[in-house]
Amino acid sequence: MAIPADYHVHTRLCQHAVGDATDYAAHALRAGLPEIGFSDHSPMPRDGFDDWRMRLDQLDEYVEQVRQARRDYPGLAIKLALETDYLPGHEEWIRDLAARHPWDYLIGSVHYVAESWDLDNPKKISEWNRRDRWEVWTAYFERLTAAAASRLFDIIGHADLCKKFCFYPQQDCAPLFRRFLEAARSSAAVIELNTAGLRKDCREIYPSPLFLQLAAQAGVPITFGSDAHAPEEVGANFAEAMRLARRTGYTHYCRFTQRQRAVEAL
Ligand SMILES: [Zn+2]
Ligand SMILES: [Zn+2]
């Protein structure tokens, strides 16, 4: 049973991860992974937007780090990608970034539900207590749905990130999931099974089993990602993620090369 590619890996350039690309590649080989993809937090149109991403003048250094890892470990397939924040009004910027380097894929993620609130930021957890949970979840999924419909991204990142700190609403969230999945299906976007949720308060892979079941029924394909912020996190909990994928109805996962999708048996 082959381990799938890990398509969500960061580097120290984002200011809250440790290790260079080559350190992550070394660990991937030790862990028996066939392929990894670097998808570090991309720059914003203005540096200083927040403190958890690379600056624009580091983008070339990032690409060079990934190329160096390819030279250091020719036996490992290494993809070049970005995790890009989707915010309304940033579409032109994302197109600009997309044209700068030969990316294998772009992950589109929603962290910001308002201009200055990244809802997964532990430093801003008190914001949750000031707001209605259902309104936050609804706003989050509205943005996520717009991200999928924008066709700017190949993969939508950690699709139910709003559960990170366990601020679950009382309401039935399935309609939010369904609306997003309809947009993902019709714009050919893929979702990821992101095992970082297991390392957070929610102790659950993103997205939830119910969400994945609906996604499988809707015909939305998957990738796998550890969201590694340290080399030893590469491929973390992938056996569990594979079991979850199979249990919810998936038989295949996707790989990307130069933004072209290929399918692998699971
Ligand atoms: Zn991060
Ligand atoms: Zn993210």
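What you see below is based on every heavy atom in this structure, not just the backbone, and it leaves out hydrogens, waters and symmetry mates.
Remark: the backbone N or O of Phe38 is paired with a side-chain donor or acceptor of Tyr62 at under 3.5 angstrom. Side chain of Asp6 to backbone of Glu35: no donor-acceptor contact under 3.5 angstrom is found. Although no hydrogens or angles enter the test, the distance criterion places no donor-acceptor pair under 3.5 Å between the side chain of Arg261 and the main chain of Phe256. Checked by atom type and distance alone, the side chain of Tyr253 never pairs as donor or acceptor with a backbone atom of Pro4 at under 3.5 Å. Side-chain N or O atoms of Tyr73 include none that pairs as donor or acceptor with a backbone N or O of Leu29 at under 3.5 Å.
Using a 4.0 Å cut-off between a side-chain N of Lys or Arg and a carboxylate O of Asp or Glu, Arg30 and Glu232 do not qualify as a salt bridge. Between Arg12 and Asp23 there is no salt bridge, since no side-chain N of the basic residue sits under 4.0 Å from a carboxylate O of the acidic one. Remark: Glu127 engages Arg131 in a salt bridge, criterion side-chain N to carboxylate O under 4.0 Å. Here Arg199 pairs with Glu233 in a salt bridge; the nearest charged N to carboxylate O distance falls below 4.0 Å. Asp118 and Lys164 are not joined by a salt bridge, as no carboxylate oxygen comes within less than 4.0 angstrom of a charged side-chain nitrogen. No salt bridge links Glu182 with Arg179; every basic N to acidic carboxylate O contact stays at or beyond 4.0 Å. Between Arg259 and Asp154 there is a salt bridge, with a side-chain nitrogen of the basic residue lying less than 4.0 Å from a carboxylate oxygen of the acidic one.
Using cut-offs of 30° and 60° for the angle between ring planes, the Trp137 and Phe177 rings count as tilted. Ring pair Phe165/Phe167 is perpendicular by interplanar angle, where above 60° counts as perpendicular and below 30° as parallel. Classification of the Tyr7-Tyr105 ring pair by plane angle, with boundaries at 30° and 60°, yields parallel.
Among the candidates Phe49, Tyr140, Tyr86, the single residue satisfying the ring-ring contact (aromatic ring centres under 6.0 Å, His included) test with Tyr112 is Phe49. Glu192 pairs in a side-chain contact (heavy atoms from CB on, under 4.5 Å) with only one of the listed residues (Thr195, Val190, Asn194), which is Asn194.
Of the inter-residue distances, the one linking Leu198 atom CG with Tyr206 atom OH reads 9.0 Å to the nearest 0.5 angstrom. Rounding to the nearest 0.5 Å places CD of Gln213 at 10.5 Å from OH of Tyr250. Interatomic distance, CD of Glu92 versus CG of Leu152, reported as 9.0 Å (0.5 Å rounding). Distance check, rounded to the nearest 0.5 Å: CD of Gln260 to SG of Cys254 gives 12.5 Å. We find the CG-OG1 distance between Leu212 and Thr248 to be 4.5 Å, quoted to the nearest 0.5 Å. His158 NE2 to Leu193 CG: the interatomic distance, rounded to the nearest 0.5 Å, is 13.0 Å.
Placement of Leu176 and Leu210 within a single hydrophobic cluster is found when ILVMFWY residues are connected by side-chain heavy-atom separations under 4.5 Å, directly or transitively. Residues Trp52 and Trp117 are members of separate hydrophobic clusters, defined by side-chain heavy-atom contacts under 4.5 angstrom among Ile, Leu, Val, Met, Phe, Trp and Tyr. Val9 and Val18 are not part of a single hydrophobic cluster, where members link through side-chain heavy atoms under 4.5 Å apart. Hydrophobic clustering (ILVMFWY, side-chain heavy atoms < 4.5 Å, transitive): Leu106 and Leu87 are in distinct clusters.
Here the shortest heavy-atom pairing between Cys173 and Trp134 reads SG-CZ3, 4.0 Å. The shortest non-hydrogen separation linking Ile156 to Ala189 is CG1-CB, 4.2 Å. Residues Ser187 and Ala148 come closest through the heavy atom pair OG-O, 2.9 Å. Across all non-hydrogen atoms, the minimal contact from Arg53 to Gln15 is O-NE2, 2.6 Å. The two residues Leu56 and Asp47 come nearest to each other via the heavy atoms N-OD1, 3.0 Å. Here the shortest heavy-atom pairing between Trp103 and Ala98 reads CD1-O, 3.3 Å.
At a threshold of 4.5 Å between non-hydrogen side-chain atoms, the residues Cys166 and Arg203 do not count as touching. The closest side-chain heavy-atom distance from Ile94 to Phe153 is below 4.5 Å. Residues Leu82 and His41 have side chains not in contact (no heavy-atom distance under 4.5 Å, counting atoms from C-beta outward). Side chains of Met44 and Asp85 form a contact here, defined as non-hydrogen atoms less than 4.5 Å apart. Ile191 is not listed as a side-chain neighbour of Ile155, based on a closest heavy-atom distance of 4.5 Å or more. Side-chain contact check for Thr84 versus Ile107: every heavy-atom pair is 4.5 Å or farther apart. In this structure the side chain of Leu144 never reaches within 4.5 angstrom of the side chain of Asp160, judged on heavy atoms. Side chains of Asp60 and His101 form a contact here, defined as non-hydrogen atoms less than 4.5 Å apart.
Defined by atom type and a distance below 3.5 Å, a donor-acceptor pair is present between the side-chain atoms of Thr22 and Asp72. A donor atom on one side chain and an acceptor atom on the other are not found under 3.5 Å apart for Asp50 and His111. Between the side chains of Ser109 and Glu83, a donor-acceptor pair is found at a separation under 3.5 Å. His10 and Asp227 share a side-chain donor-acceptor pair at under 3.5 Å. A donor-acceptor pair shorter than 3.5 Å cannot be found between the side chains of Ser208 and Lys163.
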Problem - Chi angles and distances behind the salt bridge (charged side-chain N to carboxylate O under 4.0 Å, His left out) call for Asp51, Lys123 - result: CA-CA 11 Å; Asp51 60 358; Lys123 291 180 208 154; 3.0 Å; yes
Exercise for the section: Tell me, with the steps shown, if Arg55 and Glu61 meet salt bridge (charged side-chain N to carboxylate O under 4.0 Å, His left out). Expected result: CA-CA 10 Å; Arg55 297 187 312 268; Glu61 181 186 348; 6.0 Å; no
Practice task
Check step by step if side chain to side chain contact (heavy atoms under 4.5 Å, CB included) holds for Leu80 and Val63.
Solution key: CA-CA 7 Å; Leu80 175 66; Val63 172; 4.0 Å; yes
Handout entry: Residues Val220, Leu214; criterion side chain to side chain contact (heavy atoms under 4.5 Å, CB included); working and verdict
Key = CA-CA 9 Å; Val220 175; Leu214 295 172; over 6 Å; no
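Scanning for salt bridge (Lys or Arg N to Asp or Glu O under 4.0 Å) contacts around Asp172 gives an empty result, with sequence neighbours left out.
Summarising the local packing, CD of Gln170 is surrounded by 12 or fewer heavy atoms from other residues, nucleotides or ligands at distances under 6.0 Å.
Ring to ring, His8 and His229 are not that close: their centroids are 6.0 angstrom or more apart.
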